[in-house]
Amino acid sequence: MAIKKYSNKLPQHAVLKQILKRCSSLGKKNDYDDNEYPIDVPKGHFPVYVGENRSRYIVPISFLTHPEFQSLLRQAEEEFGFDHDMGLTIPCQEVVFQSLTSMIR
């Protein structure tokens, strides 16, 4: 399935850009670069928050193209939406997320 499903009005690259803009870490403004991305996140990656404790993981942007990760994004959108300041929160247990991401790599 394509990420395009998230919005029928926007092309896939625009939807990806929106998702990445919403993937910010919690913290002070001085922890961000000029483009408002967290400075501790390497280029080509983005932070997500997983599990009850909202543990932070840094994942490569390439994960966005994997159907398994897209399924997690759909669940995140349904449960939390993408329009909030908390960063991208993935609604699954950490062990499940770790297992899934280890298979994707």
Side-chain angles (χ1 to χ4, degrees):
M1 278 189 177
I3 291 180
K4 194 171 194 174
K5 189 171 184 168
Y6 286 117
S7 175
N8 294 331
K9 299 175 189 170
L10 297 173
Q12 184 175 2
H13 72 277
V15 173
L16 291 175
K17 189 172 182 179
Q18 281 184 343
I19 291 170
L20 292 176
K21 282 208 173 241
R22 298 208 199 300
C23 295
S24 61
S25 67
L26 297 171
K28 299 176 183 170
K29 187 69 176 169
N30 62 2
D31 290 341
Y32 293 81
D33 67 11
D34 292 338
N35 295 320
E36 297 189 16
Y37 290 108
I39 58 174
D40 65 334
V41 178
K43 188 172 185 170
H45 293 74
F46 62 99
V48 295
Y49 299 89
V50 181
E52 288 182 23
N53 296 325
R54 301 291 192 257
S55 297
R56 186 173 187 246
Y57 291 86
I58 307 298
V59 297
I61 290 173
S62 63
F63 279 19
L64 294 172
T65 62
H66 291 275
E68 297 86 359
F69 197 79
Q70 289 176 6
S71 176
L72 289 177
L73 290 176
R74 281 191 294 281
Q75 291 174 28
E77 181 182 33
E78 289 173 11
E79 189 162 331
F80 304 113
F82 290 135
D83 193 19
H84 57 83
D85 295 330
M86 291 179 47
L88 182 59
T89 304
I90 304 292
C92 74
Q93 297 176 352
E94 282 187 71
V95 67
V96 173
F97 182 79
Q98 291 169 348
S99 176
L100 178 84
T101 56
S102 69
M103 290 187 318
I104 291 175
R105 293 184 194 265

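Keep in mind that the numbers below use all heavy atoms, side chains included, and drop hydrogens, waters and symmetry copies.
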Quiz item: In Å and rounded to the nearest 0.5 Å, what is the OG1 to CD distance from T101 to E68?
Solution: 11.0 Å
Quiz item: Rounded to the nearest 0.5 Å, what separation is found between the CZ atom of R56 and the OG1 atom of T89?
Solution: 12.0 Å
Can you give me the closest heavy-atom contact between [X] and [Y], atom names plus distance?
| X | Y | value |
| --- | --- | --- |
| E79 | P91 | OE1-CB, 3.3 Å |
| F97 | L72 | CD1-CD1, 4.0 Å |
| F80 | I90 | CE1-C, 4.5 Å |
| H45 | I58 | CB-CG2, 3.6 Å |

Practice problem: Tell me whether L100 is reachable from V95 by hopping between hydrophobic residues (I, L, V, M, F, W, Y) whose side-chain heavy atoms are closer than 4.5 Å. | Solution: no
Quiz item: Among the clusters formed by ILVMFWY side chains lying less than 4.5 Å apart, do V96 and F63 turn up in the same one?
Solution: no
Exercise. Apply side chain to side chain contact (heavy atoms under 4.5 Å, CB included) to E94 and list each qualifying residue two or more places apart in sequence or on a separate chain.
Key: V50, S55, Y57, Q98
Practice problem: Apply the side-chain contact (heavy atoms from CB on, under 4.5 Å) test between V59 and each candidate in L88, I104, V48, V41; give the one that qualifies. | Solution: V48
